[in-house]
Student: 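Below you'll find the structure I mean.
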Amino acid sequence: MRQALSVAVATGTYGISFGALSVAAGLSILQTQVLSLLLFSGGSQFAFVGVIAAGASGGPAAIATSTLLGVRNGLYGLQVSRMLDVRGLRKALAAHLTIDESTAVGVAQPETAGARLGFWVTGLGVFVLWNATTLVGAVVGDAMGDPRQYGLDAAAAAAFCALLWPRLKSKDAVAIAVLAAVIAVLVAPHAPAGVPVLVAACTALLAGVWRRAHHDPPPPHRWPDQGHAGPAGTAGAAGAAGAAP
């Protein structure tokens, strides 16, 4: 619960920046709010308004970029679906709340009950706060100035580092995390917002498959459909290492 709430507050607060940037890019307050309600993916939202700000001709590029970034959420769904084991409307809600933060907190827990609690509290917490602060940023963004001067851009990254650090229990895990971080830093100045996250995650996944990391400790969780705990995966670490809404 502590991890979920701290990540939700750190991430949700940064919605102020999105609201301000979206209105500055030419979108209305209503359009900005609809993006946060329905798209609800920070990287995709920042990429979308970033391309829109370049002009009306950037519409197709904005859609393509935000969709590409959304692919990672689909990959998270492979892990989250086993973890939650939900059906019907709850499954649809879980799909909407499957983001970097909820996935990272969920898979970091040592037992199934804690993983499910962490996922739902984080997902709902981020959703409520992200939409509330989006509205605040859209309405009073100009009066607040640059949200980065308050350190909001670093809060979410700091929360993810706190989640990731305890999971780096082997040399392979540390090496993969460092490699993904270095690549993200190198790509960031030359790519739209969110793309470095996707590149870093793919890098970590490929490195994990190549190394196989047989001597890594087993994961701290066991989902209902697993008969035993297998080798530690890298999906959770990859999402945590590169995530920013």
Student: Please name the pair of heavy atoms, one in G106 and one in A115, separated by the smallest distance, quoted to 0.1 Å.
Tutor: O-CB, 3.1 Å
Student: Return the set of residues passing salt bridge (charged side-chain N to carboxylate O under 4.0 Å, His left out) with R2 (not counting sequence neighbours), or none when no residue passes.
Tutor: none
Student: Same cluster or not: are V126 and L129 linked, directly or through other Ile, Leu, Val, Met, Phe, Trp or Tyr residues, by side-chain heavy atoms under 4.5 angstrom apart?
Tutor: no
Student: Is there a side chain to side chain donor-acceptor pair (under 3.5 Å) between S36 and Q45? Walk through the geometry before answering.
Tutor: CA-CA 8 Å; S36 282; Q45 291 179 227; 3.0 Å; yes
Student: Tell me who clusters with V185, hydrophobic residues only, linked when side chains sit under 4.5 Å apart either directly or through other members.
Tutor: none
Student: With sequence neighbours excluded, tell me which residues meet ring pair (Phe, Tyr, Trp, His ring centres under 6.0 Å) with F18.
Tutor: F46
Student: Report the residues that fulfil side chain to side chain donor-acceptor pair (under 3.5 Å) with T32, sequence neighbours left out, ordered by chain and then residue number.
Tutor: S22
Student: Could you pull out all residues at least two apart from N73 that satisfy side-chain contact (heavy atoms from CB on, under 4.5 Å)?
Tutor: S41, I99
Student: Hydrophobic side-chain clustering at under 4.5 Å (ILVMFWY, transitive links): who's grouped with L75? Put none if nobody.
Tutor: none
Student: Under a 4.5 Å side-chain heavy-atom rule over Ile, Leu, Val, Met, Phe, Trp and Tyr, are V80 and V86 clustered together?
Tutor: yes
Student: If you define the side chain from C-beta out and look only at heavy atoms, does anything of R116 sit under 4.5 Å from Q109?
Tutor: no
Student: Rounded to the nearest 0.5 Å, what separation is found between the CD1 atom of I16 and the CH2 atom of W130?
Tutor: 10.0 Å
Student: Just verifying a value: how many Å separate N131 CG and L35 CG, rounded to the nearest 0.5 Å?
Tutor: 10.5 Å
Student: Can you name the residues that form a side-chain contact (heavy atoms from CB on, under 4.5 Å) with L186, not counting sequence neighbours?
Tutor: V182
Student: Taking atom types as modelled and ignoring hydrogens, do the side chains of Q79 and T103 form a donor-acceptor contact shorter than 3.5 angstrom?
Tutor: no
Student: Measure the CG-CZ distance between D85 and R90 for me, rounded to the nearest 0.5 Å.
Tutor: 9.5 Å
Student: Can you tell me how far CG of L84 sits from OG1 of T112, rounded to the nearest 0.5 angstrom?
Tutor: 10.0 Å
Student: Under 4.5 Å side-chain heavy-atom separation, chaining through any Ile, Leu, Val, Met, Phe, Trp or Tyr, what else clusters with V121? Say none if it is isolated.
Tutor: M1, L5, L117
Student: Going by side-chain contact (heavy atoms from CB on, under 4.5 Å), name the residues that satisfy it together with S28, two or more places apart in sequence or in a different chain.
Tutor: L30, Q31
Student: When rounded to the nearest 0.5 angstrom, what distance separates CD in E101 from OH in Y76?
Tutor: 8.5 Å
Student: Quick check for you: to the nearest 0.5 Å, what is the distance between H96 atom NE2 and L124 atom CG?
Tutor: 10.5 Å
Student: Return the set of residues passing side-chain contact (heavy atoms from CB on, under 4.5 Å) with L93 (not counting sequence neighbours), or none when no residue passes.
Tutor: L97, W120
Student: Tell me the closest heavy-atom pair linking L37 and F40, and the distance in Å.
Tutor: O-CB, 4.3 Å
Student: Is there a donor-acceptor pair closer than 3.5 Å between any side-chain N or O of T122 and the backbone N or O of F119?
Tutor: no
Student: In the single-linkage hydrophobic clustering (I, L, V, M, F, W, Y; side-chain heavy atoms under 4.5 Å), do V9 and V7 co-cluster?
Tutor: no
Student: Is it true that, when you exclude L38 itself, more than 12 heavy atoms of the residues, nucleotides or ligands shown sit nearer than 6.0 Å to its CG?
Tutor: yes
Student: For residues V49 and L27, report the shortest heavy-atom separation together with the two atoms involved.
Tutor: CG1-CD2, 4.5 Å
